[in-house]
Protein chains: 2
Amino acid sequence: MATTVQRHSPPTSGQEAGSEPCWPALSEAPLRRADAETLAGVLRAIADPARLQLISLIQAARGGEACVCDLVDPLGLSQPTVSHHLKVLLDAGLVSRCRRGSWAYYRLVPERLAALAQLLA
Amino acid sequence: MATTVQRHSPPTSGQEAGSEPCWPALSEAPLRRADAETLAGVLRAIADPARLQLISLIQAARGGEACVCDLVDPLGLSQPTVSHHLKVLLDAGLVSRCRRGSWAYYRLVPERLAALAQLLA
DNA sequence: GTGAGACATCGACACCTGTCGATATTCTCC
DNA sequence: GGAGAATATCGACAGGTGTCGATGTCTCAC
């Protein structure tokens, strides 16, 4: 397959989705199906034991960030599986990634978690 | 099959699980696997578009309660499916059920939702 | 450039979950 | 007690998801 060159993009600043701090409030009466799907998508991202542990581990890490190799052992899962879970959290906008050299450092996006919390309150 | 008599219990007051208002905080460092599983179980209950809509509909209903027949049409799902989703919410302790006559009225358990919200904050 | 290490992606598999129609259960009312 | 209505349960099916080993893609050090 013709491998396109695909130059590495500059260290991503993370949160592309930072412009939408909150979702339609759960208390605002008849939640539309489309909104419910969006919300459920984000909630499903944290509704997994491994990913909850990842969030906990990242938050507890010094500097508030952790690389994959720091997370594999505490989770007791294989490296590909941990990468997979981190990607799910990344796609949901709950964590941000920052490559430094060979390492990929992940940190939480607190606004995103706060928005989720506010939604349930 | 020998149908045991199974007399109907008095109208359940709901929240058997009311004695445990909150879970291990997500911010309290290394979340144990067992705790993560418990948490994920509750989160998975609300990480579904149909169930989010159910919560929204019940909250918006007059009196803060709704019976199944009020929920089937707005959701656009079959009655068995709606019953299934309500059971999931019930098992997670997020709603309570109260039978009056042939009708089953569901209402939210706000403390449970608040505890979830606090956990993410 | 070459080798080694960190991470991402792929393909495959088992298991879970949402959905439905059919049916059972439980109540009310005559 | 028998008919009818509201709800719960059952069995089956399709689609989604977590997990792994194997492999690809970068980056750094020499």
Side-chain angles (χ1 to χ4, degrees), chain A residues 1-12 33 36-37 40-54 58 65-73 75-92 95-106, chain B residues 1-12 33 36-37 40-54 58 65-73 75-92 95-106:
Chain A
M1 51 190 74
T3 64
T4 58
V5 183
Q6 196 135 271
R7 296 252 30 85
H8 82 292
S9 44
T12 79
R33 182 69 184 195
E37 304 256 10
V42 182
L43 284 169
R44 213 179 303 120
I46 64 169
D48 179 274
R51 293 197 284 270
L52 284 173
Q53 283 188 288
L54 280 175
I58 293 174
E65 62 180 9
C67 60
V68 181
C69 57
D70 292 334
L71 300 168
V72 169
D73 278 5
L75 243 68
L77 295 174
S78 71
Q79 176 266 319
T81 300
V82 173
S83 264
H84 162 70
H85 285 306
L86 286 169
K87 179 168 170 48
V88 173
L89 290 173
L90 187 66
D91 290 344
V95 305
S96 61
R97 176 168 52 187
C98 172
R99 293 206 73 133
R100 287 205 294 277
S102 302
W103 288 265
Y105 288 89
Y106 288 85
Chain B
M1 51 189 73
T3 62
T4 57
V5 183
Q6 197 133 272
R7 296 248 32 84
H8 81 293
S9 43
T12 80
R33 182 69 183 197
E37 304 256 10
V42 182
L43 285 169
R44 212 179 303 121
I46 63 168
D48 178 274
R51 294 195 284 269
L52 284 173
Q53 284 188 287
L54 279 176
I58 292 174
E65 64 179 8
C67 62
V68 182
C69 57
D70 292 333
L71 300 169
V72 169
D73 277 5
L75 242 69
L77 295 174
S78 71
Q79 175 266 318
T81 301
V82 173
S83 264
H84 162 71
H85 285 306
L86 286 169
K87 178 169 170 45
V88 173
L89 291 173
L90 186 66
D91 290 344
V95 305
S96 61
R97 176 169 51 186
C98 171
R99 292 205 74 133
R100 287 205 294 276
S102 302
W103 287 267
Y105 287 90
Y106 288 84

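Residue numbering restarts at 1 for every chain, and letters A, B, ... go by the order of the sequence lines.
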How does protein reach along nucleotides 9-22 of chain D, written 5' to 3' as B (base within reach of a heavy atom under 4.0 Å), S (only sugar-phosphate), or - (no contact)? B-------SSBBBB
With a non-hydrogen cut-off below 4.0 angstrom, is A:Tyr106 in contact with a base, only sugar-phosphate, or nothing? sugar-phosphate
Student check: side-chain heavy atoms of [X] and [Y] closer than 4.5 Å:
X: A:Arg100; Y: A:Glu65; result: yes
X: B:Leu71; Y: B:Leu86; result: yes
X: A:Leu52; Y: B:Leu43; result: yes
X: A:Ser83; Y: A:Gln79; result: yes
X: A:Ile58; Y: A:Leu89; result: no

Return the value, rounded to whole Å, for the distance between atom [atom1] of [X] and atom [atom2] of [N].
X: B:Leu43; N: C:dT17; atom1: CG; atom2: P; answer: 14 Å
X: B:Arg99; N: D:dA5; atom1: CZ; atom2: P; answer: 17 Å
X: B:Asp73; N: D:dT7; atom1: CG; atom2: P; answer: 12 Å
X: A:Leu90; N: C:dA8; atom1: CG; atom2: C1'; answer: 12 Å

Which value, rounded to the nearest 0.5 Å, describes the distance between A:Arg44 atom CZ and A:Glu37 atom CD?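 Atom-to-atom, A:Arg44:CZ and A:Glu37:CD are 8.0 Å apart.
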Between B:Tyr105 and A:Trp103, name the one whose nearest nucleotide on DNA chain D is closer to the 5' end. B:Tyr105
